[in-house]
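Only one structure is covered here, and it is reproduced in the block below.
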Amino acid sequence: MKFLYPFSLGAFLALMVSPALGHASTETLPSLGEKCFTFHSEAQDSSEKYRLKASKFFASLTGTGISLTAEKLLVSDSTNQMTAEELSKVNALSAYLALSGYNHGLSANCPGLPYKELIAISGRLPAAQWENIRMDRPIESAFQPRSHQKIFIKHLDIHALKDPKNGIRGIFDAKGVSGENAPLTPKQASGDFTFTPNVSPPYKIIVRSMEGVVGDSKISGHGYVLAGEDIAHSKSKAHLSIGKIGDLIEKSASTLGPQATAALLLARLVSHRENDEMVSWDIELDNGASKVNGINVPYFVH
């Protein structure tokens, strides 16, 4: 399943998930391989059962220049089932998902779902606190050759909840978010989602809520994705709302240029008005065909 999930789910995943844990030497995950993803940490403490601490963590998507670092991590399992090695693998997979979201889709060197490290979470309740996270990616710029975009997160909390009916449920809260060469980065983000860990497609992802704040504009959404092997075999529905979109358009005009501003103006043109300050869109993908507020639109894949 090598495509970006609709309604920018990857972007929220990039804020939601964070660094993994590893040993001093570079490692990978059995589900992925070194040609796809590597990670390591310079310091690790697993002296307490069902808890793992690490610092100076690094992870990257091989061959893309996209990387993730963190200064401090604490990961635990309140069910007292997951070993330090299992916690390390689950969090490494979280780092991989974050990097894939930051890449706007899976790298060409990486396999799609399912990942056995993700399925291993079922029935367990891992939780994590991460501090001082940085994500880095090369970007193309006519004015600044060899530029990089960076996202910084001061603190991130994420934990799993029991959801016997639907699968793996996670809640996250990211605070102190900022960006370099990323002017529309939300300063805070949170969400509540569920993933059904089937052994083969389709994979169901329920987004109960996702919230973000960009400047004075509040962004929120909810929906679901039924992800098949590719877009032609996938479905999704989502509702996305943005407050004070006029302020957001003014900000983009001064920082992103005419192309991005035109895209936001077009989005506002086809939006529903919920109140004086809030506009919204109902977004639907059905086996390769997409609609926004009932209007057929082309769907582009990165």
Side-chain angles (χ1 to χ4, degrees), residues 12-34 37-61 67-101 114-135 151-164 166-177 188-195 197:
F12 275 84
L13 285 173
L15 292 171
M16 172 190 67
V17 291
S18 167
L21 307 170
H23 304 294
S25 59
T26 299
E27 296 185 79
T28 189
L29 291 172
S31 296
L32 301 176
E34 292 183 356
F37 169 78
T38 60
F39 69 99
H40 74 272
S41 62
E42 296 178 2
Q44 182 170 296
D45 179 4
S46 57
S47 58
E48 298 180 61
K49 281 188 175 182
Y50 319 116
R51 291 165 63 91
L52 193 59
K53 299 177 182 179
S55 61
K56 301 298 181 183
F57 172 82
F58 178 83
S60 66
L61 287 180
S67 64
L68 178 153
T69 61
E71 293 184 5
K72 188 177 180 180
L73 317 168
L74 171 61
V75 187
S76 61
D77 172 30
S78 61
T79 64
N80 294 339
Q81 297 182 63
M82 301 186 76
T83 65
E85 182 179 0
E86 288 174 324
L87 289 171
S88 173
K89 289 181 177 180
V90 167
N91 282 275
L93 182 64
S94 296
Y96 165 70
L97 293 174
L99 291 170
S100 296
Y115 306 128
K116 62 182 181 181
E117 294 85 3
L118 184 58
I119 296 174
I121 298 175
S122 295
R124 283 90 178 273
L125 298 175
Q129 294 181 331
W130 298 299
E131 297 180 10
N132 298 327
I133 304 155
R134 185 183 74 187
M135 302 179 70
I151 303 294
F152 304 93
I153 305 174
K154 289 185 178 179
H155 188 84
L156 178 67
D157 286 315
I158 182 170
H159 60 273
L161 299 175
K162 289 185 177 180
D163 192 348
N166 295 305
I168 300 168
R169 183 179 180 186
I171 293 178
F172 73 92
D173 186 16
K175 296 179 180 179
V177 185
Q188 63 187 63
S190 62
D192 181 347
F193 71 99
T194 297
F195 173 73

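Being a predicted model, the structure only gives us computed values, none of them experimental.
R134 is linked by a salt bridge (Lys or Arg N to Asp or Glu O under 4.0 Å) to nothing, counting only residues two or more places apart in sequence or in another chain. Residues that satisfy the side chain to side chain donor-acceptor pair (under 3.5 Å) test with D173, not counting sequence neighbours, are absent from this structure. For N132, the side chain to side chain donor-acceptor pair (under 3.5 Å) criterion is met by E71, not counting sequence neighbours. Contacts of Y115 classified as ring-ring contact (aromatic ring centres under 6.0 Å, His included), with partners at least two apart in sequence or in another chain: Y96. Legend: residues meeting salt bridge (Lys or Arg N to Asp or Glu O under 4.0 Å) with E85, ordered by chain and number and at least two apart, are K89. When the side chain to side chain contact (heavy atoms under 4.5 Å, CB included) test is applied to N80, the partners found at least two apart in sequence or on another chain are Y50. Residues forming a side chain to side chain donor-acceptor pair (under 3.5 Å) with Q81 (at least two apart in sequence, or on another chain): T79. Remark: T38 engages S60 in a side chain to side chain donor-acceptor pair (under 3.5 Å) (not counting sequence neighbours). Partners of T194 by side chain to side chain contact (heavy atoms under 4.5 Å, CB included), not counting sequence neighbours, listed by chain and number: D163, N166, R169, I206, R208.
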Report task. Take Q129 and K72 through the side chain to side chain contact (heavy atoms under 4.5 Å, CB included) test and state the conclusion after the steps. Result -> CA-CA 8 Å; Q129 294 181 331; K72 188 177 180 180; over 6 Å; no
Requested in this report: Please assess F39 against L29 for the test side chain to side chain contact (heavy atoms under 4.5 Å, CB included), listing each intermediate value before the final yes or no.
Outcome: CA-CA 9 Å; F39 69 99; L29 291 172; 4.3 Å; yes
Requested in this report: List the steps and the verdict of side chain to side chain contact (heavy atoms under 4.5 Å, CB included) for L52 and S76.
Outcome: CA-CA 6 Å; L52 193 59; S76 61; over 6 Å; no
**Report entry** Test side chain to side chain contact (heavy atoms under 4.5 Å, CB included) applied to D192 and F172, step by step
**Finding:** CA-CA 7 Å; D192 181 347; F172 73 92; over 6 Å; no
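With 3.5 Å as the limit, one finds a donor-acceptor pair spanning the side chains of H155 and D157.
In this structure, the side chains of L161 and I171 come closer than 4.5 Å at one or more pairs of heavy atoms. Side-chain contact between R51 and S46: absent, with no pair of heavy atoms (C-beta onward) separated by less than 4.5 Å.
Note that CG of L87 is 5.0 Å distant from CE of M82, once rounded to the nearest 0.5 Å. Rounded to the nearest 0.5 Å, atoms NZ (K56) and OG (S41) are 12.0 Å apart. Taken from CD in E131 to CD1 in I153, the straight-line distance is 12.5 Å, to the nearest 0.5 Å. The distance from atom CZ of F57 to atom CD of Q44, rounded to the nearest 0.5 Å, is 10.0 Å. Distance check: I121 CD1 to S94 OG gives 6.0 Å after rounding to the nearest 0.5 Å. Atom OG in S190 sits 12.0 Å away from atom CD1 in I158 (nearest 0.5 Å).
Residue pairs that meet the salt bridge (charged side-chain N to carboxylate O under 4.0 Å, His left out) test with at least one member in residues 115-125, sequence neighbours left out, are E86-R124.
Between A98 and L68, the shortest heavy-atom distance links the atoms CB-CD1, 4.1 Å.
Judged by distance alone, the side chain of D77 and the main-chain N or O of L125 form a donor-acceptor pair under 3.5 Å. Remark: side-chain polar atoms of T28 are paired, donor with acceptor, to backbone N or O of F37 under 3.5 angstrom.
Taking the six-membered ring where the residue is Trp, the centroids of F193 and F195 are separated by 6.0 Å or more.
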